[in-house]
**Q** 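So that we are looking at the same thing, I have put the structure below in structure tokens.
Scope of the values below: all heavy atoms of this structure, side chains included, with no hydrogens, waters or symmetry mates.
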Amino acid sequence: MSQSIAPVLTDQQVDDSPTLTFEEYRVYQGEPDVQYELYKGKLIPMPTATVLHIKICEYLVYKLQRYLVAHNLDLVVKTGLGVRTDEDKSRIPDVVVCTQSLLEQAAARSGAGILDFDEKPLLVVEVVSEDRRADYVIKRGEYELANVPEYCIVDPKSGKQKIRLLAFIDGEDGYNQTDFLTGEDMVSVVFPDLVLSVDEILNPPLVEELVKAEQAQLQEFQQQAVTESQRADRLAAKLRELGVDPDSV
């Protein structure tokens with residue numbers, strides 16, 4: 001998750017917190033309702049997200065889920081799913097897209113739900129919060145070295161609003177960087193048919209309202225189908241009155 005804040009140590013401070021192996025981290029039980037990332041063997045607690053942060057994540061999950069279903073892809077979109085990026089590093093992106101089989105593999109193991117080295121997600125998303133360097137520099141390096149195909153940084157900070165897309169392009173060794181600004185559409189590299197409004201991502205509507213609109217549209221289509229069926233029945237009855245078999249017309 002992008003809210004992680006690595007501890008800053010002064011010359012007078014000594015980091016005496018325990019150093020954990022990845023396996024120890026995966027089964028670690030800390031404070032209730034607190035998530036931890038692992039960075040160089042150290043636990044990094046995750047602060048509570050802002051409402052805007054939550055809305056952005058929910059909106060992206062909503063849009064991605066519908067995209068995957070519409071394209072009949074055996075992929076899933078999850079929040080809270082960990083991604084191991086190094087021997088002693090593991091992140092919890094805000095949004096993760098991976099195959100159903102990888103999710104099932106992670107679910108079959110005891111401890112936290114984390115994709116291991118050989119279980120690469122197709123896309124990870126981080127929404128920038130307080131520790132901007134973590135998302136723009138540190139995590140970029142980790143996801144790149146871990147060969148995550150696409151890393152999306154959503155930056156809602158006033159005056160810096162943009163979406164930065166980092167992806168591997170054929171023939172290049174490192175991430176190719178593209179910035180999408182307000183007023184533009186973001187186009188994914190891994191999912192080239194996925195086109196999303198930058199403005200909507202940065203200031204998303206409530207998912208509940210989007211679901212209501214979906215239901216209203218579905219009901220409208222259903223009513224139209226009923227109306228057309230009733231019209232066809234009336235026409236068939238009229239033809240029969242005229243001695244005409246409607247099935248022969």
**Q** E208: which residues meet the salt bridge (Lys or Arg N to Asp or Glu O under 4.0 Å) condition with it, sequence neighbours left out?
**A** none
**Q** Roughly how far, to the nearest 0.5 Å, is CG of L38 from OH of Y25?
**A** 6.0 Å
**Q** Work out which heavy atom in V95 is nearest to a heavy atom in C57; give both atom names and the distance.
**A** CG2-O, 4.2 Å
**Q** What pair of heavy atoms forms the shortest contact from E126 to Y143, and how long is it?
**A** OE2-OH, 2.7 Å
**Q** Could you give me the CA-CA distance, side-chain angles and deciding distance for L64 and V97, then say whether side-chain contact (heavy atoms from CB on, under 4.5 Å) is met?
**A** CA-CA 8 Å; L64 285 164; V97 178; 4.0 Å; yes
**Q** Let me see the working for Y36 and Y28 under ring-ring contact (aromatic ring centres under 6.0 Å, His included), right down to the final yes or no.
**A** CA-CA 9 Å; Y36 298 88; Y28 178 79; 5.6 Å; yes
**Q** Under a single-linkage definition using a 4.5 Å side-chain heavy-atom cutoff for Ile, Leu, Val, Met, Phe, Trp and Tyr, are L210 and I56 assigned to the same hydrophobic cluster?
**A** yes
**Q** Just grab all the salt bridge (charged side-chain N to carboxylate O under 4.0 Å, His left out) pairs involving residues 52-80, residues at least two apart or on different chains.
**A** R66-E214
**Q** According to ring pair (Phe, Tyr, Trp, His ring centres under 6.0 Å), who are the partners of F168, at least two apart in sequence or on a separate chain?
**A** Y175
**Q** Please list all pairs passing the salt bridge (charged side-chain N to carboxylate O under 4.0 Å, His left out) test where one or both residues lie in residues 18-35, with sequence neighbours left out.
**A** E23-R26
**Q** Please identify each residue that fulfils side-chain contact (heavy atoms from CB on, under 4.5 Å) with Q161, with sequence neighbours left out.
**A** T182, L202
**Q** Looking at D199 and G183, would you say the former's side chain and the latter's main chain have a donor-acceptor pair under 3.5 Å?
**A** yes
**Q** Is it possible for you to say whether V27 and L20 belong to one hydrophobic cluster, with membership spreading through side-chain heavy-atom contacts below 4.5 Å?
**A** no
**Q** Could you point out which residue of K139, K89, K42 forms a salt bridge (Lys or Arg N to Asp or Glu O under 4.0 Å) with E37?
**A** K139
**Q** Quick one: do L103 and V69 end up in the same hydrophobic cluster if we chain Ile, Leu, Val, Met, Phe, Trp and Tyr together by side-chain heavy atoms under 4.5 Å apart?
**A** no
**Q** Would you list the pairs meeting salt bridge (charged side-chain N to carboxylate O under 4.0 Å, His left out) in which at least one residue belongs to residues 161-174, sequence neighbours left out?
**A** R164-D179
**Q** Answer whether the closest heavy-atom distance between the side chains of L181 and V198 falls below 4.5 Å.
**A** no
**Q** What donor-acceptor contacts under 3.5 angstrom involve side-chain atoms of residues 110-118, with partners at least two apart or in another chain?
**A**
from, atom 1, to, atom 2, distance (Å)
D116, OD1, R84, NH1, 3.0

**Q** Would you say V211 and Y59 are hydrophobically clustered, going by side-chain heavy atoms of ILVMFWY under 4.5 Å?
**A** yes
**Q** Can you name the residues that form a side-chain hydrogen bond (donor to acceptor under 3.5 Å, both in side chains) with S90, not counting sequence neighbours?
**A** none
**Q** Using ring pair (Phe, Tyr, Trp, His ring centres under 6.0 Å) as the criterion, list what pairs up with F191, not counting sequence neighbours.
**A** Y67
**Q** Indicate the atoms forming the closest heavy-atom contact of K40 with T19, along with that distance.
**A** O-CG2, 4.5 Å
**Q** Rounded to the nearest 0.5 Å, what separates atom CD1 in I201 from atom CD1 in I163?
**A** 3.5 Å
**Q** Apply the side-chain hydrogen bond (donor to acceptor under 3.5 Å, both in side chains) test between T85 and each candidate in R91, E144, E142; give the one that qualifies.
**A** E142
**Q** Check for a donor-acceptor pair, side chain of Y136 on one end and backbone N or O of D131 on the other, with a separation under 3.5 Å.
**A** no
**Q** Kindly say whether D88 contributes a backbone atom to a donor-acceptor pair with the side chain of D86 at under 3.5 angstrom?
**A** no
**Q** Tell me which one of V125, L60, V61, L123 satisfies side-chain contact (heavy atoms from CB on, under 4.5 Å) with V77.
**A** V61
**Q** Determine which pairs satisfy salt bridge (charged side-chain N to carboxylate O under 4.0 Å, His left out) with at least one residue from residues 182-192, sequence neighbours left out, and list them in order.
**A** none
**Q** Charged N to carboxylate O under 4.0 angstrom, E119 versus R109?
**A** yes
**Q** Could you pull out every donor-acceptor pair under 3.5 Å between side chains of residues 145-152 and any protein atom, sequence neighbours left out?
**A**
from, atom 1, to, atom 2, distance (Å)
E150, OE1, S188, OG, 2.7
E150, OE1, V190, N, 3.4
E150, OE2, S188, OG, 3.4
E150, OE2, V189, N, 2.8
Y151, OH, D135, O, 2.7

**Q** For the hydrophobic clusters of this structure (ILVMFWY residues joined by side-chain heavy atoms under 4.5 Å, transitively), does one cluster hold both L196 and L52?
**A** yes
**Q** Specify the closest pair of heavy atoms between L165 and M186, including all atoms of both residues, with the distance to one decimal.
**A** CD1-SD, 4.3 Å
**Q** Quick one: list whatever passes side-chain contact (heavy atoms from CB on, under 4.5 Å) with T99, sequence neighbours left out.
**A** L75, S101, L102
